[in-house]
Amino acid sequence: MKNKISKTREKWKKELPPDQFEICFNHGTEPAFSGKYNDCKEKGVYICSCCGTKLFSSETKFDSGTGWPSFWKALEDDNISYKEDTGVGMIRTEVNCNKCGAHLGHLFNDGPQPTNMRYCINSVSLDLKKME
Ligand code: FE
């Protein structure tokens with residue numbers, strides 16, 4: 001990925017609403033079933049709420065029952081970065097925006113066919129660009 005954004009946490013903190021900063025740059029998680037995109041069925045492309053990078057298509061969104069927007073595939077592999085996260089006493093894969101570094105959520109391997117992947121993403125980390 002070219003032209004990565006390197007901005008200090010202090011700068012993000014000034015620019016973002018508190019809940020967005022907490023989740024995207026302080027490793028937070030929105031409460032289950034609270035996010036605006038959990039039940040969303042509209043068509044479009046979900047972009048990073050911090051920098052606008054295209055992350056997921058509504059075509060790969062599915063109802064996981066977890067309370068968070070869930071996708072079985074990234075829109076473009078290069079737009080997401082992955083990191084091992086041992087924060088809560090188990091090993092999980094953390095998913096971040098590859099351009100700005102914003103925390104998006106986690107990736108699990110219990111998703112539907114054809115990938116068996118489940119990207120479990122905070123609504124706050126996303127903006128839906130609707131298709132007409
Ligand atoms: Fe981003």
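One-based numbering, in listed order, for ligands and for the atoms of each.
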Hydrophobic clusters join Ile, Leu, Val, Met, Phe, Trp and Tyr when side-chain heavy atoms are under 4.5 Å apart, directly or via other members; which others share one with F33?
none
Over 60° means perpendicular and under 30° means parallel, so tell me whether W12 and F25 are parallel, tilted or perpendicular.
parallel
How would you list, by chain and number, every residue that makes a salt bridge (Lys or Arg N to Asp or Glu O under 4.0 Å) with K129, sequence neighbours excluded?
none
Regarding K73 and E59, does a basic nitrogen lie under 4.0 Å from an acidic carboxylate oxygen?
no
Protein N/O/S count near the Fe ion (ligand 1) (criterion: distance under 2.8 Å)
4
Are R118 and H106 close enough that some pair of their side-chain heavy atoms sits under 4.5 Å apart?
no
Contacts of F21 that satisfy ring-ring contact (aromatic ring centres under 6.0 Å, His included) - sequence neighbours left out:
none
